[in-house]
Amino acid sequence: MERIRSALRAALKTVYPLMIYYMSVFAFTEIYRTAGFFPEDTVAVILPGAVLTAGILWFPYKKDWILRQGLVKELRLKAPHHWEHLIILGISSSITGNLLLSFTPLARWFPAVEEAVREIADSGFWLQLTGVCLIIPVAEELIFRGIGYLSLRDEMGVVPAAVFSSGFFGLFHGNLVQGIYAAGLGLILAFVMEKYQSLTAVWLTHAAMNIGSVYVLNGILMPVSAEIPALSVFMAVLALGIAAAEIRRLQRTDFY
């Protein structure tokens, strides 16, 4: 019976932040429609919902942090130790995940991912930077790592919590290809949270992942590799090696 209660507590703490996110985005969608002005860019609709979600979820996250001061030691916004390595890890892991999936036929079989990528590409440079890369990851990290992963960790331990929170993160993206990509990166983000015990650290890594995908890969590397197809394999191997080295370095580092 206690295991059932524990599982229900973990499920509730994982689901309710996501419901707040959906309701926040829906609220702004209705506000736009009522005002007779609906942005063409999907990111412009999601962005204010993400800001509202982050504002709402900060308080339960802070409460949970006070209750688990022995686990989460960083509440203030400050640069994490070796922050440059988190940026390298984020960019290299996003490039690796994108390229490895591009070598499979999944994008052809499940073309919904192309629409999602096109919506981000159509939002423009500054909306991509402020929304997709910087602000929206704040809300997502509060949901999936700050509250979701840590709540699951309280009930079931590190590894199951990382797997389940990453699975939820993948499902949240709404299509199979992005779901696989996000679930894989979610495992890395859970690992970063476990090592750094800091929301700032996972936000920085997540932001770097999105920058790597939006700007470094799609903006620079993919146009070049279109001219030289073999270059994609080289970039995937190189990015995988860098990401593995950064994960190994992080695994061997004791921050506290």
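Just so you know, residue 1 is the first one in the sequence shown, and it goes up from there. Side-chain atoms are counted along with the backbone in the values below, which use heavy atoms only and exclude waters and symmetry mates.
- When all heavy atoms of Tyr61 and Met193 are compared, the closest pair comes out as OH-CE, 4.5 Å.
- In this structure, Leu187 and Ala162 approach most closely via the heavy-atom pair CD2-O, 3.7 Å.
- Residue Met156 holds its CE atom at 9.5 Å from OG of Ser165, rounded to the nearest 0.5 Å.
- Looking at heavy atoms from C-beta onward, Arg33 lies in side-chain contact with Thr29 at the 4.5 angstrom threshold.
- The shortest side-chain heavy-atom distance between Ile46 and Phe28 does not fall under the 4.5 Å cut-off.
- Residue Ala139 comes nearest to Ala50 through the heavy atom pair CB-O, 3.5 Å, listed as atom of the first residue, atom of the second, then distance.
- No side-chain donor-acceptor contact under 3.5 Å links Trp203 to the backbone of Ile135.
- Residues Val25 and Tyr16 fall within the same hydrophobic cluster, defined by Ile, Leu, Val, Met, Phe, Trp and Tyr side chains chained together at heavy-atom separations under 4.5 Å.
- Here the shortest heavy-atom pairing between Thr53 and Ile20 reads OG1-O, 3.9 Å.
- Inter-residue side-chain proximity for Leu127 and Leu47 is flagged as met; some heavy-atom pair is nearer than 4.5 Å.
- Taken together through direct or relayed side-chain contacts under 4.5 Å among Ile, Leu, Val, Met, Phe, Trp and Tyr, Trp126 and Ile136 form part of one hydrophobic cluster.
- Put simply, the side chain of Met235 does not reach to within 4.5 Å of the side chain of Thr96, judged on heavy atoms.
- Taking the six-membered ring for Trp and the full ring otherwise, the centers of Phe144 and Phe172 sit less than 6.0 Å from each other.
- Ser102 is listed as a side-chain neighbour of Leu99, based on a closest heavy-atom distance under 4.5 Å.
- The structure places OG of Ser24 at 4.0 Å from CG of Leu52, a figure rounded to the nearest 0.5 Å.
- Although no hydrogens or angles enter the test, the distance criterion places no donor-acceptor pair under 3.5 Å between the side chain of Ser213 and the main chain of Asn210.
- For Gly131 against Pro137, the heavy-atom pair with the smallest separation is O-CD, 3.7 Å.
- For the atom pair CD1 of Ile91 and OH of Tyr215, the computed distance is 12.0 Å after rounding to the nearest 0.5 Å.
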Determine, step by step, whether Val138 and Val51 satisfy the side chain to side chain contact (heavy atoms under 4.5 Å, CB included) criterion, reporting the C-alpha distance in whole Å, the side-chain angles of both residues, the deciding distance to 0.1 Å, and the verdict. CA-CA 8 Å; Val138 175; Val51 173; over 6 Å; no
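- Of the possible polar contacts, one joining the Tyr196 side chain to the His81 backbone as a donor-acceptor pair under 3.5 Å is found.
- Between the CD1 atom of Ile87 and the CD atom of Glu246 there is a distance of 11.0 Å, given to the nearest 0.5 Å.
- Under the 4.0 Å criterion applied to side-chain N and carboxylate O atoms, Arg145 and Glu140 are not assigned as salt-bridge partners.
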Practice item. Please report the C-alpha distance between Lys195 and Gln251 in whole Å, then the side-chain angles of each, then the deciding distance to 0.1 Å, and finally whether the side chain to side chain contact (heavy atoms under 4.5 Å, CB included) criterion is met. Key: CA-CA 8 Å; Lys195 289 296 293 186; Gln251 186 179 25; 5.7 Å; no
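- Other residues, nucleotides and ligands contribute over 12 non-hydrogen atoms within 6.0 Å of the CZ atom of Phe191.
- Checking side-chain atoms of Tyr149 against main-chain N and O of Ser166 turns up no donor-acceptor pair under 3.5 Å.
- Here the CG-CD1 distance, from Leu250 to Ile188, works out to 10.0 Å after rounding to the nearest 0.5 Å.
- With a 6.0 Å radius and a threshold of 12 heavy atoms from other residues, nucleotides or ligands, Phe125 has its CZ atom above the threshold.
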Handout entry: Step-by-step side chain to side chain contact (heavy atoms under 4.5 Å, CB included) determination, Phe110 to Asn175
Key = CA-CA 8 Å; Phe110 303 95; Asn175 64 77; over 6 Å; no
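- A single hydrophobic cluster is not seen to contain both Leu240 and Val237; linkage of ILVMFWY side chains at heavy-atom distances under 4.5 Å, directly or through other members, places them apart.
- Cluster membership check: Leu142 shares its hydrophobic cluster with Val15, using side-chain heavy-atom separations under 4.5 Å among Ile, Leu, Val, Met, Phe, Trp and Tyr.
- Counting heavy-atom neighbours within 6.0 Å of Phe26 CZ, excluding the residue itself, gives a total of 12 or less.
- Taking both residues in full, the closest heavy atoms of Tyr181 and Gly97 are given as CD1-C, 3.9 Å, listed atom of the first, atom of the second, then distance.
- The side-chain heavy atoms of Trp58 and Leu199, taken from C-beta on, include a pair separated by under 4.5 Å.
- Taking 4.5 Å as the limit, some side-chain heavy atom of Ile147 sits within range of a side-chain heavy atom of Pro60.
- Between the side chain of Thr205 and the backbone N or O of Ala201, at least one donor-acceptor pair lies under 3.5 Å.
- When the side chains of ILVMFWY residues are joined at heavy-atom separations under 4.5 Å, either directly or via intervening members, Val202 and Val159 end up in two distinct hydrophobic clusters.
- The main-chain N or O of Val214 is never found under 3.5 Å from a side-chain atom of Gln128 such that the two would form a donor-acceptor pair.
- In this structure, CG on Leu100 lies 11.5 Å from CD1 on Ile95, to the nearest 0.5 angstrom.
- Residues Glu119 and Val43 are not in side-chain contact: their nearest non-hydrogen atoms beyond the backbone lie 4.5 Å or more apart.
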Practice item. For Leu189 and Phe169, run side chain to side chain contact (heavy atoms under 4.5 Å, CB included): C-alpha distance rounded to whole Å, both residues' side-chain angles, the deciding distance at 0.1 Å, then the answer. Key: CA-CA 11 Å; Leu189 290 167; Phe169 190 48; 4.3 Å; yes
